[in-house]
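Input: a single structure, listed below in structure tokens.
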Amino acid sequence: MIGILPNWHPIFVHFVVALFSTSFVLYTLAYITKNISISKELEIAARWCLWCAGLATIPTVLAGLYAYNTVIHDAPSHAAMTNHRNWGLPTAGVIAFLSIWSLCRYYYQKTVSLIFLSFLFITQCMLLSTAWRGGELVYRFGLGVMSIPQQGNDGHEHNEDASKMQM
């Protein structure tokens, strides 16, 4: 598997996106249900997801910087990579900040506040924007993939109506 992957950034980044997004949803549910007993359980799960996302951000950023400096690219894809990096680094910084803030909130036994939830929402928007730009690098520019299929009509179709007519 190591020989197949040009870098490990795509693997690590999915953990960050999934864990942080789950944390955001769980913290929101904990805030909404703060007068119900399940709220504490939701907050515990949200906290662990956020802390794991914070930890997973470290190898994600390192692998992303490695990819930025090693993936073969042209001028338009370099501009897109730079844009993705310029969104990714501040987003990673805010995730780290929120992880530490959450740790302090846990230490001082604070409940979910609207201010904390607002920061989570802004960071979620930043994370999704960064992820969108990363997807553009792969699906629009073909970066980090071994080969890109050539466009052409080789007789391969996915039209079910056409295959039924041939039968």
Side-chain angles (χ1 to χ4, degrees), residues 1-71 73 77 80-146:
M1 184 161 131
I2 291 173
I4 295 173
L5 294 174
N7 66 73
W8 288 79
H9 180 69
I11 292 173
F12 293 130
V13 77
H14 287 93
F15 285 103
V16 175
V17 172
L19 286 166
F20 189 87
S21 298
T22 302
S23 177
F24 170 66
V25 169
L26 291 173
Y27 268 122
T28 302
L29 290 173
Y31 182 78
I32 292 169
T33 63
K34 60 184 165 191
N35 295 327
I36 302 174
S37 62
I38 196 168
S39 176
K40 288 288 185 199
E41 301 298 323
L42 291 169
E43 189 173 352
I44 291 168
R47 193 170 34 240
W48 277 103
C49 286
L50 179 57
W51 294 347
C52 289
L55 288 175
T57 299
I58 297 165
T60 301
V61 168
L62 293 174
L65 291 172
Y66 175 78
Y68 181 82
N69 291 306
T70 59
V71 172
H73 58 278
S77 59
M81 279 183 3
T82 301
N83 189 19
H84 175 62
R85 183 204 62 197
N86 291 345
W87 273 88
L89 292 175
T91 301
V94 176
I95 290 172
F97 169 75
L98 286 172
S99 298
I100 293 167
W101 188 4
S102 171
L103 198 60
C104 291
R105 285 180 59 260
Y106 172 70
Y107 181 78
Y108 292 108
Q109 299 179 354
K110 301 287 183 181
T111 59
V112 181
S113 68
L114 193 55
I115 294 171
F116 184 73
L117 201 57
S118 298
F119 272 94
L120 286 171
F121 175 73
I122 291 166
T123 307
Q124 179 69 31
C125 292
M126 290 173 66
L127 181 63
L128 293 177
S129 183
T130 304
W132 174 269
R133 286 165 172 79
E136 289 273 300
L137 292 174
V138 175
Y139 294 107
R140 184 176 306 273
F141 295 99
L143 294 181
V145 296
M146 293 181 74

- Task: Would you check if Thr111 and Phe116 make a side-chain contact, meaning some heavy-atom pair closer than 4.5 Å?
- Result: no
- I would like to know whether Val112 and Arg105 meet side-chain contact (heavy atoms from CB on, under 4.5 Å); could you show each step before the answer? CA-CA 9 Å; Val112 181; Arg105 285 180 59 260; 3.8 Å; yes
- Query: Can you tell me how far NE2 of His73 sits from CZ of Phe141, rounded to the nearest 0.5 angstrom?
  - Reply: 11.5 Å
- Note on the structure: Between Asn7 and Pro10, the two heavy atoms sitting closest are OD1-CD, 3.0 Å
- Query: Are side-chain heavy atoms of Met81 and Leu137 found at a separation under 4.5 Å?
  - Reply: yes
- Taking the six-membered ring for Trp, are the ring centroids of Tyr106 and Trp51 within less than 6.0 Å of each other? yes
- Message: I need the minimum non-hydrogen distance between Ala92 and Val61, along with the two atoms involved.
- Response: CB-CG2, 3.5 Å
- When rounded to the nearest 0.5 angstrom, what distance separates OG1 in Thr33 from CG in Leu42? 5.0 Å
- Item | Within the 6.0 Å centroid threshold, strictly below: Tyr66 and Trp8 | no
- Kindly check if the number of other-residue, nucleotide or ligand heavy atoms within 6.0 Å of CZ (Phe97) is above 12? yes
- Task: Measure the OG-CG distance between Ser39 and Asn35 for me, rounded to the nearest 0.5 Å.
- Result: 8.0 Å
- Message: With side-chain hydrogen bond (donor to acceptor under 3.5 Å, both in side chains) as the test, pick out the partner of Gln124 among Ser129, Ser21, Ser23.
- Response: Ser21
- Establish, from distance only, whether the side-chain atoms of Ser102 and Tyr27 form a donor-acceptor pair under 3.5 Å. yes
- Item | Heavy-atom side-chain contact between Phe119 and Trp101 under 4.5 Å | yes
- Task: Starting at OG1 of Thr60, measure out to CG of Leu55 and round the result to the nearest 0.5 Å.
- Result: 10.5 Å
- How long is the span from the CZ atom in Phe24 to the CG atom in Leu128, to the nearest 0.5 Å? 9.5 Å
- Message: Using a 3.5 Å distance criterion without hydrogens, assess whether the side chain of His84 forms a donor-acceptor pair with backbone atoms of Thr130.
- Response: yes
- Would you sort out whether Ser113 and Tyr31 count as a side chain to side chain donor-acceptor pair (under 3.5 Å), showing the intermediate values? CA-CA 7 Å; Ser113 68; Tyr31 182 78; over 6 Å; no
- Message: Please report the interatomic distance CD1(Ile95) to CG(Leu50), rounded to the nearest 0.5 Å.
- Response: 8.0 Å
- Item | Check ion pair Glu43-Lys110 (N to O, under 4.0 angstrom) | no
- Query: Counting N and O atoms only, with roles assigned by atom type, does the side chain of Arg85 sit under 3.5 Å from a partner on the main chain of Tyr68, one being a donor and the other an acceptor?
  - Reply: no
- Message: I want to check something: taking the side chain as every heavy atom from C-beta on, are Thr57 and Phe20 in contact at a cut-off of under 4.5 Å?
- Response: no
